[in-house]
Asker: 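Take a look at this one; I'll ask things after.
Computed from a predicted model, the values in this text were never measured in an experiment.
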Amino acid sequence: MNSVSFRASRRTSLLYSVALSSVLWPLDAWSQSSTQTSQKLDPVVVTNPTPTVTPLPSNSTNDSRSARGGKKRAATAAATTTSATVPTTPAAPTLTLNQTAGSGSRLNLTRLETPASVEIINAETIAERGQHSVIDAVTQNATGFTASPAPGNGSLSFNTRGFTGNSTVMTLYDGTRLYVGAGTLTFPFDTWSAQRIEVLRGPASVMYGEGAIGGAINVISKMPLTVQRNEAEVSLDSNMTKRLAVDSGGPINKDVSYRVTAIGNMSDGWVERDKTSNVAVSAAVRVQASDTLSWTLSTDYGDRSPSRYFGTPVINGGIIESLRFKNYNVGDSNIRYQDSWNQLRTEWQVTDSITIHNALYYLNSQRHWRDVESYAWNPAKGTIDRSSYIEIFHNQQQVGDRMDATFRGHVLGLKNEFVAGFDVNRIDFTHTNNSPFSGTSSVNPWSFDPGVFLSPIPTVPSFNTVTNQYALFAEDRLSLTDQWTLIGGVRQDEPVINRTDLITPANGFVKSFSATSWRVGTVYNPVKDLALYGQYSTAVDPVGNLITLATTQKDFQLSTGKQAEIGIKQSFWQGRGEWTLAGYQIVKNNLLARDPNNPALTQQIGQQSSRGVEASIGLVLDHGWRIDANTAWLRAKYDDFVQSVNGVAVNFAGNVPVNVPQQVSNVWLTWAFAPNWSVNGGVQIVGKTFADNANTLAHPAYNVVNTGVQWKPDANTTLSLRVYNLFDKIYATSGGTTQWLLGMPRTAELALNVKF
């Protein structure tokens with residue numbers, strides 16, 4: 001048996017050079033003659049998710065600027081949407097600097113107007129590149145994002161700017177967050193129902209509260225349409241993944257419209273004994289009560305039986321190729337996630353200068369795991385030792401309301417926009433488990449009976465928490481001149497956790513927190529479509545997930561963070577190109593660490609920091625070519641982080657946090673080489689990451705190449721052939737010192753999409 005070498009090949013250096021040269025593309029290459037006879041990419045029509053009279057709330061799903069003209073403007077918008085299917089925006093769905101992004105500001109600003117690093121990944125881009133999961137769409141398109149997906153965290157755990165996990169990189173759906181319980185988040189997972197994904201890099205606590213010091217990902221769902229549109233897609237891949245999706249939207253009458261999407265798939269999986277199935281259904285109805293008042297009622301449901309693969313054992317510091325497809329879980333393992341999201345959103349244009357948004361919601365998540373999750377190579381016996389026979393149930397309900405009012409006018413003769421509101425919710429969480437997760441077994445690495453789940457500890461309700469939270473927030477944008485704006489925001493969060501220990505009642509407690517987050521920034525436009533910006537922001541993170549805060553952590557305060565960022569953004573060449581460049585530094589304090597003089601004592605004395613540079617470029621070239629590239633250079637480290645190692649206090653200051661790569665790049669090329677034909681290819685370049693705080697074991701750097709070809713026999717039909725991981729790279733996405741989770745091997749997919 002030969003160990004697979006993960007050391008970077010010469011191709012790695014070449015790919016990094018391509019990424020860097022794409023970002024630093026010479027200016028004279030942009031000035032090609034527009035009169036030259038050439039084949040160009042067909043214009044891409046970017047669909048507005050809500051081509052209706054009144055735009056949706058700016059903090060969740062709005063694509064266009066908020067209505068400012070009252071009934072007169074509403075009537076004009078209505079006439080426009082009846083005469084044309086959708087408005088057209090840039091020549092490529094990846095060029096989005098002039099598109100509004102509600103995830104970076106509640107004032108409905110474009111990316112150029114926002115003093116922060118915000119990106120938009122449109123549905124057209126996701127479909128073109130065959131990115132079926134939220135993980136793939138974000139990590140293969142957004143700047144500086146990687147992921148550490150695992151069954152234990154719901155396979156929705158992201159890393160950015162030196163921070164990892166659901167506690168520090170927040171995921172939202174339509175601007176609403178489901179509070180993370182025990183490090184786990186399970187919805188949304190599929191991109192079929194998404195109109196776009198908005199990504200905010202850097203602290204987002206001033207927008208969404210605690211738990212977003214690294215950034216935020218906001219999945220925006222498809223909303224009702226005023227023009228009938230139907231779409232269906234079917235696909236099959238070499239892992240026998242059978243996928244069927246439908247999407248239908250349109251008017252019911254002049255005041256009521258709808259949208260329904262559904263996706264289902266079944267797969268044999270790419271490791272043995274790992275059949276999976278997923279279903280996601282989304283439905284929304286929009287009622288335009290008047291020219292100035294609308295309601296949108298939506299419901300979303302997801303039912304997943306995901307992969308039960310928890311990783312491949314590490315042998316002699318690497319992975320044995322012959323073990324690549326082995327699944328060491330027990331034969332009767334089971335995982336299932338059921339999530340439902342119900343929301344009623346209201347928008348009321350009170351006057352030409354006042355708009356009110358409200359979102360009332362009820363969220364429910366039911367989760368179950370029954371697995372053997374830990375595997376370690378035993379060199380003395382030549383076996384794989386299995387431990388952690390775990391059975392866990394999560395029962396979580398969340399009800400809440402979020403409301404804001406936007407005012408537009410003037411202050412001392414200067415144009416001013418101001419928004420203020422509140423966010424209140426209640427979360428009920430019950431944790432049932434078989435702690436302390438005993439049970440062991442050993443199996444032959446290559447040929448074994450997987451056995452069954454046998455735990456010596458019964459599965460019983462462990463604890464229940466009820467979390468009541470309210471927050472007040474405000475944001476203001478003052479235009480000092482036509483070229484210079486100041487933007488500031490503040491948020492006050494007041495959560496209270498009431499924990500009832502169902503096994504040891506004395507361990508129950510009531511804990512309240514109080515946290516203030518704020519930011520201030522400025523944007524200067526020396527010329528049209530060029531923005532220079534700077535921002536200073538603060539954020540807070542819990543030492544553990546708030547709703548599952550442990551008794552041993554109840555006396556700790558929230559961790560605090562601060563970021564300084566400067567950058568530049570530009571749209572150029574008549575909208576056929578754009579580029580961004582940002583530099584930042586983040587410092588996070590009050591991490592849990594051990595007392596240097598008493599390793600048994602935990603204190604809140606640790607500090608972590610990161611600094612980096614991020615760049616991106618997008619170009620629509622002649623002869624049918626398009627390029628999109630981004631890259632991120634990062635220096636993340638522990639500044640002060642004492643841990644107990646065999647009873648001895650060890651300070652890991654200077655070490656890189658676990659699962660944090662120092663370099664990340666994405667490069668995509670698209671070529672329309674013939675009428676109705678196009679081909680694309682992308683490479684994801686990820687630097688090495690460490691598996692432990694001591695930085696003694698590293699997941700090697702890797703490059704993953706994905707490619708595809710599309711043929712459109714007619715305007716409404718698309719046939720796509722895609723190959724993921726073209727060169728069949730064996731790589732680890734995450735994992736500890738004894739087992740690594742590997743990425744999907746080379747997989748071919750054939751898909752047929754029909755619009756009618």
Side-chain angles (χ1 to χ4, degrees), residues 11 14-47 88-99 119-131 140-141 143 529 569-580 615-631 665-685 703-724 726-727 751 753:
R11 188 167 61 246
L14 174 61
L15 292 170
Y16 271 114
S17 299
V18 171
L20 181 59
S21 63
S22 301
V23 172
L24 301 179
W25 190 281
L27 289 172
D28 56 3
W30 301 341
S31 58
Q32 301 180 47
S33 171
S34 60
T35 60
Q36 179 181 351
T37 301
S38 61
Q39 178 187 356
K40 299 180 180 179
L41 284 176
D42 293 335
V44 177
V45 176
V46 180
T47 305
T88 59
T89 52
T94 52
L95 303 182
T96 60
L97 275 180
N98 286 301
Q99 189 174 341
E119 293 180 78
I120 299 174
I121 308 166
N122 282 310
E124 292 79 10
T125 301
I126 294 170
E128 178 184 71
R129 297 171 181 174
Q131 296 157 341
Q140 294 175 18
N141 296 315
T143 306
D529 292 331
K569 313 173 188 179
Q570 184 182 21
S571 175
F572 59 93
W573 202 8
Q574 298 178 334
R576 294 175 59 188
E578 63 183 38
W579 66 282
T580 68
S616 68
I617 189 168
L619 292 169
V620 177
L621 303 172
D622 291 329
H623 307 291
W625 287 93
R626 188 173 87 238
I627 182 170
D628 300 289
N630 58 63
T631 189
S665 299
N666 290 296
V667 181
W668 282 94
L669 289 173
T670 304
W671 181 31
F673 61 90
N676 304 319
W677 285 88
S678 67
V679 63
N680 64 60
V683 57
Q684 183 182 13
I685 306 168
N703 318 311
V704 175
V705 176
N706 301 308
T707 188
V709 60
Q710 290 186 326
W711 173 49
K712 294 180 67 66
D714 58 60
N716 295 320
T717 306
T718 304
L719 185 65
S720 303
L721 175 63
R722 305 183 182 101
V723 181
Y724 307 100
L726 177 64
F727 298 108
N753 182 285

Asker: Determine whether the side chains of Gln131 and Asn706 contain a donor N or O and an acceptor N or O closer than 3.5 Å.
Answerer: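 Side-chain D/A pair, Gln131 to Asn706: absent.
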Asker: Would Val679 and Trp711 count as a side-chain contact (heavy atoms from CB on, under 4.5 Å) here? Give the steps.
Answerer: CA-CA 9 Å; Val679 63; Trp711 173 49; over 6 Å; no
Asker: side-chain contact (heavy atoms from CB on, under 4.5 Å) for Gln99 and Asn122? Distances and angles first, verdict last.
Answerer: CA-CA 10 Å; Gln99 189 174 341; Asn122 282 310; 3.3 Å; yes
Asker: Measure the shortest side-chain to side-chain distance between Thr670 and Gln710 over non-hydrogen atoms and say whether it is less than 4.5 angstrom.
Answerer: no
Asker: Any heavy-atom pair between the side chains of Trp579 and Asn630 that's under 4.5 Å?
Answerer: no
Asker: Quick one: pull up OG1 in Thr125 and CG in Asp628 and give me the separation to the nearest 0.5 Å.
Answerer: 7.0 Å
Asker: Could you tell me which non-hydrogen atom of Ala92 sits nearest to which non-hydrogen atom of Val620, and how far apart they are?
Answerer: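 The pair with the smallest heavy-atom distance is CB-CG2, 3.7 Å.
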Asker: Can you give me the closest heavy-atom contact between Glu119 and Asn141, atom names plus distance?
Answerer: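 Heavy atoms only, the tightest pair is OE1-O, 4.0 Å.
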Asker: State, yes or no, whether a side-chain contact exists between Glu578 and Thr96 at a heavy-atom distance under 4.5 Å.
Answerer: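 Yes - at least one pair of side-chain heavy atoms lies under 4.5 Å apart.
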Asker: Nearest 0.5 Å, what's the CG-CG distance between Asn676 and Leu719?
Answerer: 12.5 Å
Asker: Any luck finding a side-chain donor-acceptor pair between Thr143 and Ser616 under 3.5 Å?
Answerer: no
Asker: Kindly determine whether Phe572 and Leu619 satisfy side-chain contact (heavy atoms from CB on, under 4.5 Å), including the steps that lead there.
Answerer: CA-CA 9 Å; Phe572 59 93; Leu619 292 169; 3.5 Å; yes
Asker: Is it the case that the side chain of Tyr724 and the backbone of Gly130 share a donor-acceptor pair, with hydrogens and angles ignored and the cut-off at 3.5 Å?
Answerer: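 Yes; at least one donor-acceptor contact below 3.5 Å.
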Asker: Side chains of Arg129 and Thr94: closer than 4.5 Å at any heavy-atom pair?
Answerer: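 Contact flag for Arg129/Thr94 side chains = yes.
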Asker: From Ile627 CD1 over to Leu669 CG, what is the distance, rounded to the nearest 0.5 angstrom?
Answerer: 5.0 Å
Asker: Any salt bridge linking Glu128 with Arg626? Criterion: basic side-chain nitrogen under 4.0 Å from a carboxylate oxygen.
Answerer: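 Looking at Glu128 and Arg626, the cut-off is met.
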Asker: So do Asn680 and Trp671 actually touch side chain to side chain, heavy atoms under 4.5 Å?
Answerer: no
Asker: With no hydrogens and no angle check, just 3.5 Å: does a side-chain donor-acceptor pair link Thr717 and Asp714?
Answerer: yes
Asker: Can you name the nearest heavy-atom pair linking Ser571 to Leu97, along with the distance?
Answerer: N-CD1, 3.9 Å
Asker: Residues in side-chain hydrogen bond (donor to acceptor under 3.5 Å, both in side chains) with Gln684, at least two apart?
Answerer: none
Asker: Find the distance between CD (Gln140) and CG (Asn666) and round it off to the nearest 0.5 Å.
Answerer: 7.0 Å
Asker: Can you give me the closest heavy-atom contact between Leu95 and Gly577, atom names plus distance?
Answerer: CD1-N, 4.1 Å
Asker: Mind checking whether Asp529 and Lys569 have side chains closer than 4.5 Å, heavy atoms only?
Answerer: no
Asker: Does Asn753 have any side-chain contact (heavy atoms from CB on, under 4.5 Å) partners at least two apart in sequence or in another chain, and if so, which?
Answerer: Trp192, Glu231, Glu233, Thr718, Lys755
